[in-house]
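Below: the structure, in structure tokens.
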There are 2 protein chains.
Amino acid sequence: MKSEPHKVFEQLLNSKGLKVTKQRKDILDYLLKARKHVTPEDIYRDLNKKDANIGRATVFRTLHLLENAGFADKIQFADGRLAYEHKFARPHHDHMICVECSGVLEFSNATIEKIQDEISKKFLFKPLWHRHEIFGRCKKCNKMD
Amino acid sequence: MKSEPHKVFEQLLNSKGLKVTKQRKDILDYLLKARKHVTPEDIYRDLNKKDANIGRATVFRTLHLLENAGFADKIQFADGRLAYEHKFARPHHDHMICVECSGVLEFSNATIEKIQDEISKKFLFKPLWHRHEIFGRCKKCNKMD
DNA sequence: ATGATATTGAGAATCAGTCTCAATTATATA
DNA sequence: TATATAATTGAGACTGATTCTCAATATCAT
Ligand SMILES: [Mn+2]
Ligand SMILES: [Mn+2]
Ligand SMILES: [Zn+2]
Ligand SMILES: [Zn+2]
């Protein structure tokens, strides 16, 4: 049984004349099953632990594909590292990122989103996407100092 | 006559047992005079046009120093490039960044800032800094498509 | 002026990400 | 199913940004 996200992804590939490959399916799968934001290197390492070998280039290519299609989003830790999460059946949200443990808390606030749109309009700026990241110390890391 | 920011910077250096060097003064000066967000490479290139030569390493080292001291902030363009601006007598603000021309518009909104703090508190997250960047097309680039 | 110490720039090293290209794979069609 | 065509792949070279190393130099307290 093929999950809904896989179906949707394959429809996208078909509609663009792209091919449904094992690598693309594996990477989407990995993102769907991940419980946290994962780095390209996580994906590369973990998928190569199993059977198949998959190239780094393919990991990056596929992440870009998913991102451009609106199926994945990225966040950036305090040290610059990028991490991805899938967007299937997940509403938009922003992040609080711990500078100690790189733990991520998610939040969303309708008022903030509304004000953003008003500001954009005022400046005649056409917003495409945004990132709103709060860096600090999570509850746990705060206690330990 | 030494400007206030230079005085403050030198106080910081003294208080940390660091030395007041020509390179550090030149880089601060460059930031103070820049009318826009500048990249490390901008600084490196322009300062080397004149007399002195200054190493790339020193540019990065000094930017980190200023950033950690709270005297400079960075933003990141859609393609990942970093740019800096000084924070002397400039209140906090966030950015709208054009994905076409990398032009930057600045905004600040007290309500958004307040809600952020409330959210942080709710999650027992201790915020240190944040970035709120809206990517899209500026008025000019929007017209041209 | 001297000496202790911090700073410097050149260039090597690192790192994430991109590019190249020959071999492989997916898919449409017969 | 076999074939033809075009997209995809992984290895590894390459890139650009940043960091590191270290011997030479500059700063500053004395
Ligand atoms: Mn998230
Ligand atoms: Mn700004
Ligand atoms: Zn933490
Ligand atoms: Zn623009």
Side-chain angles (χ1 to χ4, degrees), chain A residues 2 6 9-30 37-69 72 74-84 102, chain B residues 2 6 9-30 37-69 72 74-84 102:
Chain A
K2 196 177 289 180
H6 277 287
F9 186 39
E10 297 189 11
Q11 277 164 19
L12 170 90
L13 294 174
N14 288 329
S15 77
K16 293 201 162 191
L18 303 176
K19 290 172 179 174
V20 176
T21 64
K22 179 171 189 313
Q23 290 86 342
R24 284 174 176 162
K25 287 188 285 189
D26 284 351
I27 291 170
L28 173 56
D29 230 48
Y30 186 93
H37 301 75
V38 296
T39 66
E41 195 60 23
D42 289 333
I43 300 173
Y44 174 77
R45 185 181 5 80
D46 292 348
L47 289 183
N48 279 314
K49 269 181 196 157
K50 321 201 169 200
D51 45 30
N53 64 337
I54 191 169
R56 256 177 260 266
T58 299
V59 172
F60 284 105
R61 284 188 288 235
T62 303
L63 286 171
H64 292 158
L65 182 56
L66 288 165
E67 199 185 350
N68 292 333
K74 60 176 180 300
I75 65 169
Q76 191 167 31
F77 297 115
D79 62 9
R81 282 158 40 238
L82 290 174
Y84 290 79
S102 288
Chain B
K2 196 176 290 181
H6 274 98
F9 184 40
E10 297 188 11
Q11 277 165 18
L12 170 90
L13 294 174
N14 287 329
S15 77
K16 293 200 163 192
L18 303 175
K19 291 170 179 176
V20 177
T21 64
K22 179 170 188 316
Q23 290 87 340
R24 285 173 175 163
K25 287 187 285 189
D26 284 352
I27 290 170
L28 173 57
D29 229 48
Y30 186 92
H37 300 76
V38 296
T39 66
E41 195 59 23
D42 288 335
I43 300 172
Y44 173 77
R45 183 181 6 79
D46 291 348
L47 288 184
N48 279 313
K49 270 180 193 156
K50 320 204 169 196
D51 44 31
N53 64 337
I54 191 169
R56 258 177 257 265
T58 299
V59 172
F60 285 104
R61 286 188 287 233
T62 303
L63 286 172
H64 293 158
L65 182 57
L66 289 165
E67 199 184 351
N68 293 334
K74 60 175 180 300
I75 65 170
Q76 191 167 31
F77 297 115
D79 62 8
R81 282 158 41 237
L82 289 173
Y84 291 79
S102 289

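Here is how names work: the chains are called A, B, and so on, in the same order as the sequence lines, proteins then strands, and each is numbered from 1.
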State whether the side chain of [X] and the backbone N or O of [Y] hold a donor-acceptor pair below 3.5 Å, judged by distance alone.
X: R24(B); Y: E10(B); result: no
X: R56(A); Y: P40(A); result: no
X: D26(A); Y: Q23(A); result: no

Residue pair [X] / [Y], side-chain heavy-atom distance below 4.5 Å:
X: F9(A); Y: I27(A); value: no
X: R61(B); Y: H64(B); value: no
X: K74(B); Y: L63(B); value: no

Protein-nucleotide distance ([X], atom [atom1]; [N], atom [atom2]), rounded to Å:
X: D79(A); N: dA17(D); atom1: CG; atom2: C1'; answer: 15 Å
X: K19(A); N: dA7(D); atom1: NZ; atom2: P; answer: 7 Å
X: R45(B); N: dA17(D); atom1: CZ; atom2: C1'; answer: 15 Å
X: N14(A); N: dA7(D); atom1: CG; atom2: P; answer: 14 Å
X: L18(B); N: dA26(D); atom1: CG; atom2: P; answer: 19 Å

Degree of bending in the helix from dA1(C)-dT30(D) to dA30(C)-dT1(D) once both end axes are built from five pairs, to 10°: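 The value is 40°.
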For D42(B) against Y30(B), the heavy-atom pair lying closest together: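 In terms of heavy atoms, the two residues are closest at O-OH, 3.6 Å.
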Charged N-O contact under 4.0 Å between K25(B) and D29(B):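 Looking at K25(B) and D29(B), the cut-off is not met.
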Taking N or O atoms only and anything under 3.5 Å, show me the protein contacts with nucleotides 8-17 of chain C, one pair per line.
unit_1, atom_1, unit_2, atom_2, d
dT8(C), OP1, T21(B), OG1, 2.7
dT8(C), O3', Q23(B), NE2, 2.9
dG9(C), OP1, Q23(B), NE2, 3.3
dG9(C), OP1, N53(B), O, 3.1
dG9(C), OP1, G55(B), N, 3.3
dG9(C), OP2, G55(B), N, 3.1
dG9(C), OP2, T58(B), OG1, 2.1
dG9(C), O5', G55(B), N, 3.4
dG9(C), N7, R61(B), NH2, 2.9
dG9(C), O6, R61(B), NH1, 3.4
dA10(C), OP1, N53(B), ND2, 2.9

